[in-house]
Structure formats: structure tokens, C-alpha cells
Amino acid sequence: MSPRPVVTRFAPSPTGFLHIGGARTALFNMLYARHKGGTFLLRVEDTDRERSTEAAVAAIFEGLNWLGVKPDAEPVFQAARADRHRQAVMTLLETGHAYRCHLTVEELEAERERARAEGRAIRSPWRDRVHNDPDAPHVIRFKGPLEGETVIDDLVKGQIRFRNIDLDDLVLLRTDGAPTYNLAVVVDDHDMGVTHIIRGDDHVNNAARQTLIYQAFGWEVPAMAHIPLIHGPDGAKLSKRHGAQAVGEFADMGYLPEAMRNYLTRLGWGHGDSEIFSDAEAVSWFDVRDVVKSPARLDWAKLAFVNAHYIKDADNERLADLVRGDIARRGETLPDGVDRHLATLIELLKEGAKSTLDIAASLEFVIKTRPLSLDEKCKGLLTEETRARLSRLAEHLAAVEFQREPLEAAIRAFAGQEGVGVGKFGAALRGVLSGGSPAPDLATALTALGRDEALGRILDAVS
RNA sequence: GGGCCCUUCGUCUAUCGGUUAGGACACCAGAUUUUCAUUCUGGGAAGAGGAGUUCGACUCUCCUAGGGCCUACCA
């Protein structure tokens, strides 16, 4: 085994947002590097100038940053290294590991169809031919071996074998002289000293061809680990209709980054019975070798459960800021009175919340202004008898400290005093306090409202 | 068409030839509770199918079925 310090990298192509599967790949790369005391790098694969956009680069950086996946060095932009790539191809040409292919688009298409019909890999007739005009338009293709086989010792899949005859002569340099992905990855990974390539399952086939390129250069082939993709709840490829694909969408849905990290790490990887674990634990336990071979499905219910756990632990001021953001995104603002002691309210309301959006929703009954309009169900609860009882309750409560415990006790004491169970007026109390919106238990609701507002709401309804 | 990969409860997973196949989420039931929620207790739930290797297979091999990825001058 190589004694070199571990270097991993995440290499997204900036053609869109940061996909949740990509985010997990990035996370695994970082965890593995940290676990081994190595280095985690980021490289933007923007060799496709047509499809790469600056907006996508920004979205990816933002997504990674939000998730807390931070590279140990400045990101490398692949397109900036095109000269180096071209130079590398020239050496391949000189050593006979590449050739100039003058096939036209039409000829290539015909050749491709023929190959497919015969059930074999496509090969260019220019493999062993030289054009009399070397300046005629052409691409440069890799000249792979026609015999033998290439074996990948994949860290998660195990040994994978390919017959070289099945591997086609991929394009290294396009007609316009631009390097292609398969060439650029190899050169860059080598130049960056990458020791472990951890990437999506969809690259296994490339692994064989890239191995051949490494060998043509005479370079050491890095260890590889191909991790399965994340599918939607129904097992199909994750798409729009499953709710979300981009990490930014998860952020907007009120998920906490630490919850996301925990959930994503646990998806396709496990450490015994551990379900909830810290970043430090993840780093000390994680090894790509323990990643599961089969694709995993995104389970919203479990994500919600994990998120609820982290919300319970989260700092209230921080949650308050997130909730403000959620509300602002809806184009709404919090009343000053509520905003001022938001963190205190959140401590009262975050129990059971599965996302910060839930917290925002639970704020609804607090935000309402007097006099509340009660829904039909609440109105129905207000009989003559109950009104009278509630107004006696208001008096009773006037002298009580507005904190959960004393209020809880006071309500019970009042019930005893009235000679009835709390059930006799509890629902009605809730009704006049919330108007029908979801609200927490009575003592908590009362505390959240504060003495003046709470008493005011009761009096409004009974007078 | 060709190449490669995958297959344990509904879902995420444990098991590294010998287990009553374990845990978590979800679900169901009961308890608590002023509703919902929370909390607590209990419950149902799995080795795709078929051969083989072996004293013994979820675990190893092969076949079948199902699913996925690749098959670009995209990455």
C-alpha cells in the first residue's frame, strides 16, 4: 500500500445546482480524508465550456458551505489547466498511446451504429493510419490495448474486471483542441496528488478507461471507491417530483445542516446501531470500505426525525434567525412584540418541530391580534356555563406568575376549586387562546402569550 | 444490442458459515395528557427465485428474475 498521506477530492461539474447525491459524495470524501488525517480538495470540472456556468459554480460552493463541507485548499478550476492537459496528450501521442482520428461526424455515427449492431465497442479506422494532411480537422483518441483485461480493486464494490476489447478509444482532445473529461480527471488527479478517488457509481465504467490512461502515462493508479447513487422514495432516480434534489432546497425546507450531515452519512453507511452521531464521531468511525454497495432511497420521515432531534439541541437564538429567514422568504414579517422575544418563544415551541418551518407555523397563534376570530369549533365550545367559568379562570390567573409550572399548577387548582376536571374547560380555553390554530399545551400557550395578551384573549371571548 | 454493478422488515441498516436474523425511522395497539404533538410500554414486519459447495448457508459459487449505471468531440 502506498505510504503517501491520503488526498481525496470532490469534483463536481458546474452545470446545475448541487445535487443531494453529490453532496453526500463530497461529505464522504471529506470524512475519509479527515479520518485518515489527510487532505480534502475541491476541483470544479468545467471543461465543458458550453454547459458550465458561473451561477452553477456559485450554487455548488454555497451548497457545500451550507452543508459544512470545507476543502482544505483553494478550489482548482479544471478549465484553467487546459494547457497542461494538451501537453499531456502530446506526450501520449509521442509514446504511441494516442492517435489522430479524422473521422467525420457522419462517419463516426455510421461506425457507432455498426459497432452497436455487432455488439462490440466502437473503434476508429484511424487507429493505425496517418492522414496525409496532419492539419486536417481531427480529434485525438486514446489508443487502448486490444487484449488483456483491466481490473479495478474498488474499495466498496470489490474487484471489477473489464476486458480491454470492450473499452473504446475515447476522445482525449476535441477538434477545437479542448481536453475532455476522462483525460482531464486523470491528469488533474495525478497532479493534485489524489490518492483516493471517491465518486458516484455512475463512474465505474470510466474507472477502467482512466486506469488505462494512468498506465499509459506510467503513473500510479489511485485507489478508487464508487458509491451508490441516492434514489427517490420509490426507488427511481431522484427527480423533481420527489420533492427536492438540490441541497439549497433542503435548506429552504427548514432542515439544519448538521441534521443533513448526520442523515446523509447514515444513508448508505453505518456504524453498528448508531443513528445519531456527532461530526467528530463520524470522522473517527468513517471508512469508505464500510459504505454499502446498493443504492439507498431518500426517506423523508427519517430525515424529519433526525432534524427534529437536532432542532431540540439547537441554540434558540440561531433558530430564531432561521425562523425569521423562513418567514421573510414567504414575504412576511413578525410583529415587533413577537420578534423581540422570539428566542424565548422558540424554547417554548420547538418541542416536536420537525423543521424550522414547523416552528414558524407554530408561531401562528401567537401572531394573531385581538380580538381573535374564533373558528366554528371553538365557538361551539363556549356555552353559557363555560364562559362564566373562563371569566372566573381569568381572575384566578391574574395573580399567577406566567411561567409554565405555576400556570400548570394554577389550572389544576382552579379545576379543583370548581369541582370539575380540566377537561371541562380545557378545550374551550385553548380555543379562545388560539382561535383554532394549532397550539401547544395550555400552560405553554399561556406562557408564550404572556399575561396581558392571554388574559385579554380570554376576556374578549367571554364578554 | 454490448459492458459493468446491485438485491435482508415499507425505508435505512447489523450480521463478516452456526443468531429466537439485531437496531432505527415509519406503522399499529395501549398508557399518560386539556386537542394535536411529545413521552412511555408493547406489537406486527425481511434474507427475490432456483440449483450447488458444506455437517451447517442471509453469508461462498452458478443460473434466472427484477432494478440501476455506462455505451458522447457531457461530466
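Because the structure is predicted, anything quoted here is derived from the model rather than measured. Below, read A as the first sequence line, B as the second, and so on, with proteins coming before strands; counting in each chain starts at 1.
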Next item on the list: Rounded to whole angstrom, note down the P distance from rU59(B) over to rG50(B).
Entry: 12 Å

Notebook entry, point to check: Looking at the side chain of Asn182(A), which of rU34(B), rA72(B), rA75(B) is the nearest nucleotide?
Noted result: rA75(B)

Note to self: The side chain of Glu408(A) is closest to which nucleotide in this list: rU34(B), rC69(B), rC6(B)?
What the structure shows: rU34(B)

Margin query: Checking contacts here: which listed nucleotide (rU71(B), rU34(B), rG68(B)) is nearest the side-chain heavy atoms of Leu442(A)?
Written below: rU34(B)

Notebook entry, point to check: Any idea which of rC12(B), rC6(B), rU39(B) is nearest the Lys312(A) side chain?
Noted result: rU39(B)

Margin query: Restricting to ring-ring contact (aromatic ring centres under 6.0 Å, His included), what partner residues turn up for Phe77(A), sequence neighbours left out?
Written below: none

Check: rC69(B), rG3(B), rU33(B): which one has an atom nearest the side-chain heavy atoms of Asp202(A)?
Finding: rC69(B)

Checklist line | Check: Tyr181(A) ring centroid to His203(A) ring centroid under 6.0 Å | finding: yes

Notebook entry, point to check: Out of rA24(B), rG23(B), rC73(B), which has the shortest distance to the side chain of Arg266(A)?
Noted result: rG23(B)

Note to self: Give me the distance, rounded to whole Å, that separates rG42(B) from rG49(B) when you measure between the P atoms they each carry.
What the structure shows: 32 Å

Next item on the list: Would you mind telling me which of rU35(B), rC25(B), rU7(B) lies closest to the side-chain atoms of Asp441(A)?
Entry: rU35(B)

Margin query: Of the options rG3(B), rG23(B), rC12(B), whose atoms approach the side-chain atoms of Arg297(A) most closely?
Written below: rC12(B)

Notebook entry, point to check: So does Glu118(A) reach the base of rG2(B) with its side chain, donor to acceptor, closer than 3.5 Å?
Noted result: no

Notebook entry, point to check: Under 4.0 Å between a Lys/Arg side-chain N and an Asp/Glu carboxylate O for Arg123(A) and Asp169(A)?
Noted result: yes

Check: Does Thr175(A) get its side chain close enough to the base of rC73(B), under 3.5 Å, for a donor-acceptor pair?
Finding: yes

Next item on the list: Identify which nucleotide among rC73(B), rA24(B), rG3(B) has an atom closest to any side-chain atom of Asn205(A), counting heavy atoms from C-beta outward.
Entry: rG3(B)

Note to self: The side chain of Asp273(A) is closest to which nucleotide in this list: rA75(B), rU34(B), rG22(B)?
What the structure shows: rG22(B)

Check: Between the base of rA75(B) and the side chain of Asn206(A), is there any donor-acceptor pair under 3.5 Å?
Finding: yes

